[in-house]
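Structure first, commentary second.
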Amino acid sequence: MADQIPLHPVPRSTQRRAAYYTSAPAAQRHNRYQVEDESSHLDEMPLMMSEEGFENDESDYHTLPRARISQRKRGLEWFICGGWKFLCTSCSDWLINICRRKKELKARTVWLGCPEKCEEKYPKNAIKNQKYNIFTFIPGVLYEQFKFFLNLYFLVVSCSQFVPALKIGYLYTYWAPLGFVLTVTVVREAVDEFRRYKRDKEMNSQLYSKLTVRGKVQVKSSDIQVGDLIIVEKNQRIPSDMVFLRTSEKTGSCFIRTDQLDGETDWKLKVAVSCTQRLPALGDLFSINAYVYAQKPQLDIHSFEGTFTREDSDPAVHESLSLENTLWASTVVASGTVIGVVIYTGKETRSVMNTSNPKNKVGLLDLELNQLTKALFLALVALSVVMVTLQGFVGPWYRNLFRFLLLFSYIIPISLRVNLDMGKAAYGWMIMKDDNIPGTVVRTSTIPEELGRLVYLLTDKTGTLTQNEMIFKRLHLGTVSYGTDTMDEIQNHIINSYSQMHSQNSGNSTSSTPSRKLQSSAPKVRKSVSSRIHEAVKAIALCHNVTPVYESRAGVSGETEYAEVDQDFSDENRTYQASSPDEVALVQWTESVGLTLVNRDLTSMQLKTPGGHILTYYILQIFPFTSESKRMGIIVRDESSGEITFYMKGADVAMSTIVQYNDWLEEECGNMAREGLRTLVVAKKSLTEEQYQDFESRYNQAKLSIHDRTLKVAAVVESLEREMELLCLTGVEDQLQADVRPTLEMLRNAGIKIWMLTGDKLETATCIAKSSHLVSRTQDIHIFRPVTTRGEAHLELNAFRRKHDCALVISGDSLEVCLKYYEHEFVELACQCPAVVCCRCSPTQKAHIVKLLQHHTGKRTCAIGDGGNDVSMIQAADCGIGIEGKEGKQASLAADFSITQFKHIGRLLMVHGRNSYKRSAALGQFVMHRGLIISTMQAVFSSVFYFASVPLYQGFLMVCNHIYYVSSLLPSIGSGCETRNGIAISRTL
C-alpha cells in the first residue's frame, strides 16, 4: 500500500529546477504525511512520470512532465499542425460571445396575480428544441454536410461543369449523385426538425387554468407569464417553475413525479405556503397584498431560497420558502390539484437550464474516411500532373490539368456516403429486430459501427450494475447483530415490548403515572437487549421522509385518500413513497417486524403496533438529507407521554463525530461495507421543552435570512447534533443485475477498460466492484488517499506510480484536486489501470471524466447509465447507452442506444458492434477499390489516345453504377462479413 512506501525528502538544490511552478508556501498547510520540513516544498516540484526517474531516488522529482514540455512548443510547427484551427475557433467563439451577450440573472420580487408589476421583462414560457429556424435551416444543413472534405470536393467539381472549357459531359453526371446525397440529408433533417416542431407546438399549446379576478380562464402554456396564478390538475405537467400556494388536499401537501427532471421515479412531497393554504377560498388570493421574493435562476434543482410576505396583515406575515415549497417545470402532479404563482419561465426554468444541447456525434469511421479522401485527392492530383507531363505541357496545359482532375474524380466516390448511410440504417434495423436483446432501440443510426471500436466503458453503479432494489439485511446494536435468518427474534422482542407497555398503560388510571414509571426505570431498561431493539426499531420507523399512499376507492373523485385513524390499516393497497429507496426498505422492514407506518401528514405520523394499537407522534421539525450533510433528522413529540425526541440517521462519516464515544461503530461499518451493504447510523437525543423552544426560535430566525441562509440554518441544527445516543447500525443490500459478472468479465477479456463512476460512498463502491468482478480476485486495489492540497496530491500520485497492475479507487474530491494540478499525469496513470472506480462523483464530474479520456487518449468511449444524473455523461461520450430502469426513462431517451438490461450490452458490442464495423469497412474498401479501377481504366484509355482528356464512360452509366449497382450489392457485402452468433462472444470468454 501507499503508506508502506518510503517517501524521501527532496534536497533544497532541486527547488531551483522547478522554479516555473508558483504556488502558496506549503509550510502553512497541514502536512498529513509527516515527512521532514524539506518536503513542504513538494508542491513546487514537477511530478515524476518516467521509469528512469522512478528507479533513481535522486532524480525522483527531477523529470519534467511531457505534457508541460509539449505545451511550450509554439511557432510555425504548432501553427501548421493545428494551431490555425485553434486560433480560428477562439476568434469565432469570441465573436459569438460578443453577439450573444447573456442577460445577467437577478433575484426578483413577484406579486401574486399581478404580472404587470414585474420590474423587468422575463423570457417567454415557450419550449424550443428545434436546431434551426426558417432562415438558418438550409445554411445550417449545408454547413454540416460541406464541412467534410468529401462533399466539399464534389461541390467544387460539380460547379466546374458550368464552365464550358472544363465541361466533360452532361451536368447530371456530377449533380445527380451530389443532389441525391443532399436531398436525402435535407429531407431527413427536415423530417426530424418537423417532428421536434410538432412536439414543441404540442407542449406549448397545452391549456392551463389561470386564476384571475374575474375567475378562471384558459391560457396556453407559452402565454404564461411571471406572476400568474396557475391551476394544475392531477396527472398534468407543470408548465413553469412555481411556488406552491394551495392544494385541494386537506393535508396542505401533494406529491409530484420528477422522473423527467432528475430521473428518480419516487414521488416527492411538496408543501403549500401555510398563509395561502389557510385562506377560505381561491378568490381570496386576490384580496391579499402579498409577494414572493425568489433568488436568481440557477442550475441546482435541489435547492431554493426565498420568502413569502403578506403586507396587509398586522403584523406583516413572513414565511421562508425552501425546496419543499417549489414546483419545478416538467414535473407532474401525482395527487390533488395545486395552485402556484409563476416565478421562472422559459429558458430560466430549472429544467431548461440543466438541458445541454447534445453534440452531433460523428463516427470514427467517417473521420477516417474523410482523412483517406484527402490522401486520395493527393493521388488524384499526382496522376493528373503525370498525364499533363507526359502530354508535354502543350497548349493550355492548365486547362487539361483541370480536365484530368475531373476525369479521374471517380477515385473519390461520392456514392460512398450514400452507401454507408444505407448500410448503417440496415444495421440499426437488425439490432432492433434481434430477439436475444428485446426492447433495444437505436436512436442514433449514424454510429452503429462505434459499438465495435470502443476502448473505454464508463458505467454508473446504482440501477445499472445493481437493481436499485433495496433489501434490509443487517441490524447491529453494538453487542449483538441480527441478520435475515434471525429477524424473527426481533419480531418477538417487539411484540413482547409493546404488549408489556400496553398492559402497563392500561393498569394505570392517569396518563402521567406510566410516563413517570417509564422514565424512572429507563436506565435499567436500556441495559436489556429487548429495550434496545425497541428503541432502535422505533427510531427507524420514525426517522424518515416516507409517506404511506392508499389507492383510491370506487366512487371517489380522482384524488388520493389518506387513511384516517378509524380506517382499516391492513389494507393491501398501501404503498410507500419516498425520495430514496433506502428509506422505503427500512420502513418496509419495520412493518415486517410488527411496527407499521399507517398514516402521515405535515404535522403528525401514526404507527400501528403488533397488537393493533395506534401510536401518534407530532412532527415538530424535519431536516431533509443533503449531499453535503449526508444525514437527515426529525424532532417528534409523543402524544401519550409528551416527550420530545430528536432522531437522526446518516452516513458513518458524518455520524461518527456526532454520536457518543463507542469502540465498535467504525469496525462494523467496515465489515458491512465489505459485504456490499449500504450502512446507516441511527441515533437519538431527548430534549426538554425549554431546549426545544430555544432551538425553534433560533431555527425560524435563520430560515428567514436572505443571505447565507443555508449556512445559518446548518449552524443552528448542528447545535443539537452533540453527544447523541447511538442506537443501531443498519445494513441494506442493493442486489446486482442479472448476469453482471459474466458480462463484465467478457468485456474485460475483449480488451475494454471499464470505469465505474458513482455517487455512492467509497467503501460500498469498492465492495460492488469486487462482487461484480469489475476487479478480478487476483488484482490489487489502490485506494487513493483523500487529498486537499497540491503537495498531498503530488505525494499520493508518486506513491500510486509505484504500483503495477492494480485497480484505482478515488473519491470525487481527490479527483478534483488531482485534475486541477496534475491533469495529464493523473489521466496517464489511470489509463494504465485495468479498472478505475470513482466514487462520490457529481453528474458534472462524470461528463468531465469522459471528455478527459477523449482528449488525452483519443480513444472511443462509451457511457452507460439509467438515471437523469447520467444524461450529461451519456451525451458527452462517443457512444451513449441508456437503460430503462427504476429511475425513469430520461437516460434512455437521451442515449444513442437504449437497452432494457445491462447484460444486453455484451451482445450489442460483441456481435452487432463487431459486425457493423466489419461490414462498413468492407463496404468502404469495395467502393474505393471500384473507383480506383475505373480511374485506372480511364488513365489507360487517355494514354492510348495520346493523353487526350476524353471520358471513357457515358454519364448515365456512371450515375447508375454509383447508386443502383452498389446498393444492390449491400446485402452480399454485409453477409460476407457477418460474424456468426456466439463466435465473437465465445472468443472473449
Side-chain angles (χ1 to χ4, degrees), residues 264-266 460-478 480-488 490-491 533 536-546 575-593 595-597 624-625 627 630-634 647-656 664-683 726-737 740 758-772 839-840 866-867 885-887:
E264 298 179 359
T265 56
D266 298 297
D460 181 37
K461 182 184 74 67
T462 305
T464 304
L465 297 180
T466 61
Q467 297 182 14
N468 203 14
E469 291 183 358
M470 307 301 174
I471 300 177
F472 192 93
K473 288 289 187 179
R474 188 71 56 84
L475 178 69
H476 204 290
L477 302 177
V480 61
S481 176
Y482 295 93
T484 54
D485 54 344
T486 56
M487 290 301 176
D488 54 341
I490 298 179
Q491 187 174 9
I533 293 176
V537 174
K538 184 173 71 170
I540 297 173
L542 291 174
C543 187
H544 53 73
N545 265 318
V546 181
T575 57
Y576 295 111
Q577 291 295 339
S579 58
S580 171
D582 299 65
E583 291 198 322
V584 174
L586 293 174
V587 174
Q588 289 176 341
W589 174 77
T590 60
E591 180 182 2
S592 66
V593 297
L595 195 58
T596 306
L597 175 68
F625 177 88
S627 57
K630 299 182 178 63
R631 57 187 180 271
M632 69 87 57
I634 188 172
Y647 292 103
M648 176 165 283
K649 69 179 179 183
D652 58 303
V653 178
M655 297 291 292
S656 58
W664 61 271
L665 180 59
E666 182 178 359
E667 180 182 357
E668 292 302 328
C669 286
N671 294 336
M672 289 191 184
R674 281 187 286 272
E675 296 177 15
L677 302 181
R678 302 160 68 101
T679 58
L680 282 176
V681 180
V682 184
L726 177 59
L727 296 178
C728 65
L729 176 67
T730 63
V732 179
E733 181 187 26
D734 192 359
Q735 294 183 329
L736 292 176
Q737 292 274 8
V740 163
T758 177
D760 212 334
K761 56 192 286 189
L762 186 143
E763 293 80 5
T764 306
T766 305
C767 181
I768 294 296
K770 292 179 180 178
S771 62
S772 63
C839 57
R840 297 299 187 192
D866 71 318
K886 285 200 164 188
E887 295 189 20

Notebook entry, point to check: Between Trp589 and Leu475, which heavy-atom pair has the shortest distance, and what is it?
Noted result: CH2-CD2, 3.8 Å

Next item on the list: Kindly determine whether Leu586 and His544 satisfy side-chain contact (heavy atoms from CB on, under 4.5 Å), including the steps that lead there.
Entry: CA-CA 9 Å; Leu586 293 174; His544 53 73; over 6 Å; no

Margin query: Can you give me the closest heavy-atom contact between Lys649 and Leu680, atom names plus distance?
Written below: CD-CD1, 4.3 Å

Margin query: To the nearest 0.5 Å, what is the distance between CG on Leu729 and CG on Asp652?
Written below: 7.5 Å

Next item on the list: Could you pull out the closest heavy-atom pair between Leu465 and Val740, with the gap in Å?
Entry: O-CG2, 3.5 Å

Note to self: I want to check something: taking the side chain as every heavy atom from C-beta on, are Val584 and Met470 in contact at a cut-off of under 4.5 Å?
What the structure shows: no

Note to self: So which atom in Met672 and which in Thr679 form the shortest heavy-atom distance, rounded to 0.1 Å?
What the structure shows: CB-CG2, 3.5 Å

Next item on the list: Rounded to the nearest 0.5 Å, what's the gap from CD1 on Ile768 to CZ on Arg678? Could you check?
Entry: 8.5 Å

Next item on the list: Would you give the length of the straight line joining atom NZ of Lys770 to atom OG of Ser772, rounded to the nearest 0.5 angstrom?
Entry: 11.5 Å

Margin query: If I compare all heavy atoms of Arg474 with all of Met487, which pair ends up nearest, and what's the gap?
Written below: N-CE, 4.5 Å

Next item on the list: Drop me the distance from Leu665's CG to Ser656's OG, to the nearest 0.5 angstrom.
Entry: 7.0 Å

Check: Taking C-beta and beyond as the side chain, do Thr590 and Leu597 meet within less than 4.5 Å on heavy atoms?
Finding: no

Note to self: How about CD on Gln735, more than 12 heavy atoms from neighbouring residues, nucleotides or ligands closer than 6.0 Å, or not?
What the structure shows: yes

Check: Do side-chain atoms of Thr486 reach the backbone of Tyr482 as a donor and acceptor pair under 3.5 angstrom?
Finding: no

Next item on the list: Kindly indicate, with the supporting measurements, whether the criterion side-chain contact (heavy atoms from CB on, under 4.5 Å) is fulfilled by Asn671 and His476.
Entry: CA-CA 11 Å; Asn671 294 336; His476 204 290; over 6 Å; no

Next item on the list: For Glu733 and Leu677, indicate whether the former's side chain and the latter's backbone hold a donor-acceptor pair under 3.5 Å.
Entry: no

Next item on the list: Return the minimal non-hydrogen interatomic distance between Val682 and Leu726, and the atom names on each side.
Entry: O-CD1, 3.6 Å

Check: Could you go step by step and tell me if Tyr576 and Gln588 meet the side-chain contact (heavy atoms from CB on, under 4.5 Å) rule?
Finding: CA-CA 8 Å; Tyr576 295 111; Gln588 289 176 341; 3.9 Å; yes

Note to self: Is it the case that the side chain of Thr464 and the backbone of Lys461 share a donor-acceptor pair, with hydrogens and angles ignored and the cut-off at 3.5 Å?
What the structure shows: no

